[in-house]
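Report on one structure; see the data block that follows.
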Amino acid sequence: MEEENKVTAPVAEEKTESRGYEPHGSAAAPRPGDRKDGSHRGRPSERRGGRGGFRREGDDLLERVVTINRVSKTVQGGKHVRFSALAVVGDGKGSYGFALAKSGEVPDAIKKALEKARKSMTKIEIVKGDTIAHDVTGTFGSTKVVLKPANPGTGVVAGGPVRAILELAGIKNVVSKVYGSRAPINVIHATDAGLRCLKSYDKVMVLRGKKTEEEIRARKAAKAPVAPKGDK
């Protein structure tokens, strides 16, 4: 009798609708960051690809974001907030570039900085041992960066901004020291100024009068591999 008098409570239906972000791979979210209510405004990192997530198809350049700053300008009616991104690109074979760009959102600032860096590439010569040819000092404003070659296995002994340029340029053994201002943009400009002052062996021999440009061209032509002739 007691069993008959018991009233079974209706089973509550599980709610399938929920607000908020959906995890990756969820059936309810066709792509990362989508919402069930039809809004496609996902997290900034998922919507734009995240920091350093911009790569062109077929582009073998390495990318690195050095620093991101929040810039606020007080105008009539409130504050105008923007973000600045400092990015470095390089191919690891002696070419590198850097740029600073601003935008209203972090991903857009990074994308603009990477595009600008690709348009201002610099080529340097890397000597045997993946290092630089000689000691060099770069100055920009109140910042001074000293770069010295190192033996194989030493690695890149440098801070963040200096390391970014050296590693992406392909230099693997070098010792550096920064004097004066430690602002990332100043440090990168000083490092770039130092790398631009590097001289090759042939250029030094010409400056010292040991060899002439004609002799250097003849030596390079003699070392150039000769293409095998095909069967006639």
Side-chain angles (χ1 to χ4, degrees), residues 52 55-56 58-67 86-99 113-114 116-141 143-180 182 184-229:
R55 282 186 178 272
R56 299 180 181 179
D59 193 349
D60 58 349
L61 294 180
L62 303 174
E63 304 170 349
R64 185 172 302 180
V65 178
V66 178
T67 182
L86 178 61
V88 179
V89 299
D91 61 354
K93 301 176 183 178
S95 297
Y96 69 91
F98 67 93
L114 294 174
K116 289 177 62 177
R118 282 184 168 88
K119 297 178 182 179
S120 60
M121 300 290 290
T122 303
K123 180 71 175 179
I124 61 174
E125 184 176 353
I126 302 176
V127 300
K128 184 179 179 181
D130 295 330
T131 184
I132 56 179
H134 54 84
D135 297 1
V136 69
T137 301
T139 304
F140 182 82
T143 302
K144 183 172 70 173
V145 177
V146 178
L147 302 175
K148 296 184 178 182
N151 296 326
T154 304
V156 178
V157 183
V162 181
R163 177 183 294 271
I165 283 188
L166 296 179
E167 288 184 346
L168 296 190
I171 301 174
K172 300 179 181 178
N173 300 293
V174 69
V175 178
S176 70
K177 179 64 178 177
V178 180
Y179 298 95
R182 259 60 173 190
I185 184 62
N186 288 356
V187 174
I188 283 189
H189 274 291
T191 306
D192 176 59
L195 293 176
R196 289 176 181 269
C197 294
L198 289 173
K199 296 181 176 63
S200 63
Y201 172 81
D202 296 335
K203 188 174 182 179
V204 173
M205 296 301 288
V206 172
L207 292 175
R208 292 183 178 180
K210 300 291 183 178
K211 294 183 180 180
T212 62
E213 295 184 357
E214 290 75 12
E215 294 176 353
I216 293 175
R217 292 196 197 97
R219 181 171 57 86
K220 289 184 177 179
K223 289 184 177 181
V226 178
K229 297 181 179 180

Heavy-atom side-chain proximity of Asp192 to Phe140 below 4.5 angstrom = no
request  = Have a look at Leu147 and tell me which of Leu195, Ile171, Leu198 forms a side chain to side chain contact (heavy atoms under 4.5 Å, CB included) with it.
outcome  = Leu195
key: Residue pair Phe98 / Val66, side-chain heavy-atom distance below 4.5 Å   = no
inquiry  = Holding to side-chain contact (heavy atoms from CB on, under 4.5 Å), I want the full list of residues that pass it with Lys172, two or more places apart in sequence or in another chain.
reply    = Asp130
Please set out all donor-acceptor pairs under 3.5 angstrom arising from side-chain atoms of residues 120-128, sequence neighbours excluded.
residue, atom, partner, partner atom, Å
Ser120, OG, Lys116, O, 3.4
Thr122, OG1, Arg196, NH2, 2.9
Lys123, NZ, Lys93, O, 2.9

query = Which heavy atom in Val175 sits nearest to a heavy atom in Ala150, and how many Å separate them?
reply = CG2-CB, 4.0 Å
Smallest separation among heavy atoms of Ala158 and Ser176, with atom names = CB-OG, 3.0 Å
ask   = Looking at OG1 of Thr137 and NZ of Lys148, how far apart are the two atoms once the value is rounded to the nearest 0.5 Å?
value = 8.5 Å
query = Under 4.5 Å between any side-chain heavy atoms of Val174 and Pro149, yes or no?
reply = no
ask   = Which heavy atom of Cys197 sits nearest a heavy atom of Val136, and at what distance?
value = CB-CG2, 3.7 Å
query = Just how far is it from atom CD1 of Ile132 to atom CG of Leu166, taken to the nearest 0.5 Å?
reply = 8.0 Å
request  = Name all residues meeting the side-chain contact (heavy atoms from CB on, under 4.5 Å) criterion together with Thr143; count only those two or more places apart in sequence or in a different chain, and write none if there are none.
outcome  = Val145, Val178, Ser181, Asn186, Val187, Ala190
query = Which pairs pass side chain to side chain donor-acceptor pair (under 3.5 Å) with one or both residues in residues 149-165, sequence neighbours excluded?
reply = Arg163-Glu167
ask   = Got a second to check how far Tyr96's OH is from Leu168's CG, nearest 0.5 Å?
value = 11.5 Å
inquiry  = Show the nearest heavy-atom pair for residues Gly129 and Pro152, with the distance to one decimal.
reply    = CA-CG, 4.3 Å
inquiry  = Restricting to non-hydrogen atoms, name the atom on Val89 and the atom on Arg118 that form the minimum distance, rounded to 0.1 Å.
reply    = CG2-N, 4.1 Å
note = Closest non-hydrogen contact found for Ala99 with Leu86 is O-CD1, 3.4 Å
ask   = Under 3.5 Å, is there a donor-acceptor pair between the side chain of Asn173 and the main chain of Gly153?
value = yes
